[in-house]
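In what follows, a single structure is set out as structure tokens and then discussed.
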Amino acid sequence: MGQNAARNINSFLVCGLGNLGQYCVSVLKEFGAKVNAIEIENIQKWEIPDISDLVDKLVIGDCRQPKV
């Protein structure tokens with residue numbers, strides 16, 4: 001981290017929204033955390049019905065790629 005980089009300890013990034021990723025999002029939101037997520041494909045049917053409402057920002061792409 002650079003000297004001017006701001007740290008937000010209340011913000012999380014979840015890479016992959018399979019069963020475990022969705023569960024992590026829901027638990028983190030219970031604690032009031034800001035949760036961003038990266039998912040490789042646009043999923044139409046979620047295991048947790050309202051998960052898309054819980055994610056603050058969803059990026060569709062491969063988290064292994066630096067540009068994502």
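In what follows, residues are counted from 1 in the order of the sequence shown. Only this structure's heavy atoms are used, side chains among them; waters, hydrogens and symmetry mates stay out. Here the structure is a predicted model, which is why all the values come from computation and not from measurement.
Across every non-hydrogen atom of I48 and S26, the tightest pair is CD1-OG, 3.9 Å. Of all heavy-atom pairs spanning E41 and E39, the tightest one is O-CG, 3.0 Å. For the pair G61 and I38, the tightest heavy-atom approach, listed with the atom from each and the gap, is O-CG2, 3.4 Å. Of all heavy-atom pairs between K29 and K34, the closest is NZ-CA, 4.4 Å. Looking at every heavy atom in both residues, I60 comes nearest to I40 through CG2-O, 4.0 Å.
For the atom pair SG (C24) and CG (L13), the distance works out to 11.5 Å, reported to the nearest 0.5 Å.
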Discussion item. Quick one, V59 with N36, criterion side-chain contact (heavy atoms from CB on, under 4.5 Å). Give me CA distance, side-chain angles, the key distance, then yes/no.
Written reply: CA-CA 8 Å; V59 175; N36 299 317; over 6 Å; no

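E47 contributes no side-chain N or O that, together with a main-chain N or O of N19, makes up a donor-acceptor pair within less than 3.5 Å. A distance-only check finds a donor-acceptor pair linking the side chain of D56 to the backbone of V35 [under 3.5 Å].
Under a 4.5 Å side-chain heavy-atom cut-off, the cluster of Ile, Leu, Val, Met, Phe, Trp and Tyr residues that includes Y23 is completed by V27, F31.
Hydrophobic clustering, with ILVMFWY side chains joined whenever heavy atoms are under 4.5 angstrom apart, groups W46 together with V55.
In this structure D62 satisfies the side chain to side chain donor-acceptor pair (under 3.5 Å) test together with R64, sequence neighbours excluded.
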